[in-house]
Amino acid sequence: MNTGTHTWQEIESQPEVWKAALDGFAASRSALESFLEQSAFAQIVAVGCGSTHYLAQAAAAALTCRTETPCRALPSSELWLFEDAVPKEGVLLLTISRSGTTTETLRAQERFRETNSGAVLNITCHPESPLAQGADFVLAAPAAQEQSVAQTRSFTSMLLLSLALTAVLAHDEAMLQQLGRLPSALQDLFASLDDLPHRVGSALSIRHLVFLGAGPLYGLANEAMLKTKEMSLSNSEAYHPLEFRHGPMSLVDEHTLVVALLSDSGLTEEVAVLRDMQELGARTLALAQDASVFVGWQPDHVIELHSGLDEWERGPLYLPPIQRLAFHRSVAKGLNPDEPRHLTAVVELGGGGT
Ligand code: F1P
């Protein structure tokens, strides 16, 4: 049977594909350093659409908190359609797009060129694409190209490039070294997962999925929400963990799965939210560095990352287990994860969009 063949292969190939992305980054590092030195900017604006908008959110959190340059994430359409969304001076535009052909992101770049003198840096899987060709510098992960509509290895590989960019901008050699450990950390994580993503993904008594993540993990919680929606046509939401108590938790019942992507900085408070949701009847899944953080109670399921990496470095590891879960949920519902309903790999607008 061919159901989900591409998606499964793309999820499982991530250790090798991440290694290729890191090797590619190392080869372009000195050119990147020259580009960054020559481009005077006081802030970065990161844009993308759908998955790559959520990737822009994750990149913006890392760039803002780990470098001296603040970064804001916007959906590409905000820059395209709202001319004053971005200051006219002192901005480096970071465009993120798997395909490099998404209309809104191309239009955002055009708008920026019309109104701004700053440089454009592009992160993509397709360095030959129009978006990349129109940029001043390109960081590419061609080995992460995909046949599936839903982004899996492309997302995590481009995330890795954005974290490597952060390390270079921060002159943080130790962070760069740590990022180099991610491919083998993912191999170890895959080996330790057993059938947990399959068991939880196939539990169709779950009808509502909630992903919680803060700081470096908020954009990734959003991506987990989108993946579940695209692949398995499920109601899914994402929140900052402590925001979930401010109203959204009224929807929690025994058909809810709450998935917590646990950080280091917010750990105690995030664990408390997850515990509260279990008490309200939700099934709970935690992605944690180590299960020893749970004292006196246990979530229903725990995935231990055991990465030895800090919260800014280990982001890419949270997604592959959730991608597997979404894959299994899709198959359990009789769907084909390779072909999400109503979606195409790229949104190319005609009419008003051209
Ligand atoms: C982004 C996009 C997403 C969508 C899906 C397919 O395209 O269209 O909007 O959620 O995952 O990809 P791109 O600009 O990154 O190629």
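These numbers come from a predicted model, not from an experiment. Worth knowing before you read on, the calculation uses all heavy atoms, side chains too, and leaves out hydrogens, waters and symmetry mates. In each ligand, atom 1 is the first atom listed, and ligand 1 is the first ligand listed.
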task: Could you check atom 12 (O) of ligand 1 against the protein and tell me its nearest heavy-atom contact, residue, atom and distance included?
output: Gln151 NE2, 3.2 Å

- line: Restricting to heavy atoms, the pick from Ser76, Cys49, Gly50, Gly48 nearest atom 1 (C) of ligand 1 would be Cys49

- request: Among all protein heavy atoms, pick the one closest to atom 8 (O) of ligand 1 and tell me residue, atom and distance.
  value: Ala345 O, 3.6 Å

query: What protein heavy atom is closest to atom 10 (O) of ligand 1, reported as residue, atom name and distance in Å?
result: Glu230 OE2, 2.9 Å

message: Applying the side-chain contact (heavy atoms from CB on, under 4.5 Å) criterion to Arg181, which one of Leu22, Leu309, Leu186 satisfies it?
response: Leu309

task: Between Leu226 and ligand 1, find which residue part has any heavy-atom pair under 4.0 Å and reply side chain, backbone, both or neither.
output: side chain

field: Any N or O of Thr102 closer than 3.5 Å to N or O of ligand 1
entry: yes

- prompt: Are the charged groups of Arg107 and Glu104 less than 4.0 angstrom apart, N to O?
  reply: no

- prompt: Does the gap between the ring centers of His198 and His328 come in under 6.0 Å?
  reply: yes

message: So for atom CD, which belongs to Glu89, do other residues, nucleotides or ligands contribute more than 12 heavy atoms lying within a distance under 6.0 Å?
response: no

- request: Work out whether the distance between some heavy atom of Thr105 and some atom of ligand 1 is less than 4.0 Å.
  value: no

message: With nothing but distance in play, are any N or O atoms of Thr52 less than 3.5 Å from an N or O of ligand 1?
response: yes

task: Answer yes if Ile322 and Leu196 sit in the same cluster of Ile, Leu, Val, Met, Phe, Trp and Tyr residues linked by side chain heavy atoms under 4.5 Å apart, and no otherwise.
output: yes

query: Got a sec: does the CD of Glu114 have more than 12 other heavy atoms crowding it under 6.0 Å?
result: yes

field: Arg98 N/O to ligand 1 N/O under 3.5 Å
entry: yes

message: For Phe190, does the six-membered ring have the charged nitrogen or CZ of Arg324 within the cation-pi criterion, i.e. under 6.0 angstrom from the centroid and within 45° of the normal?
response: yes

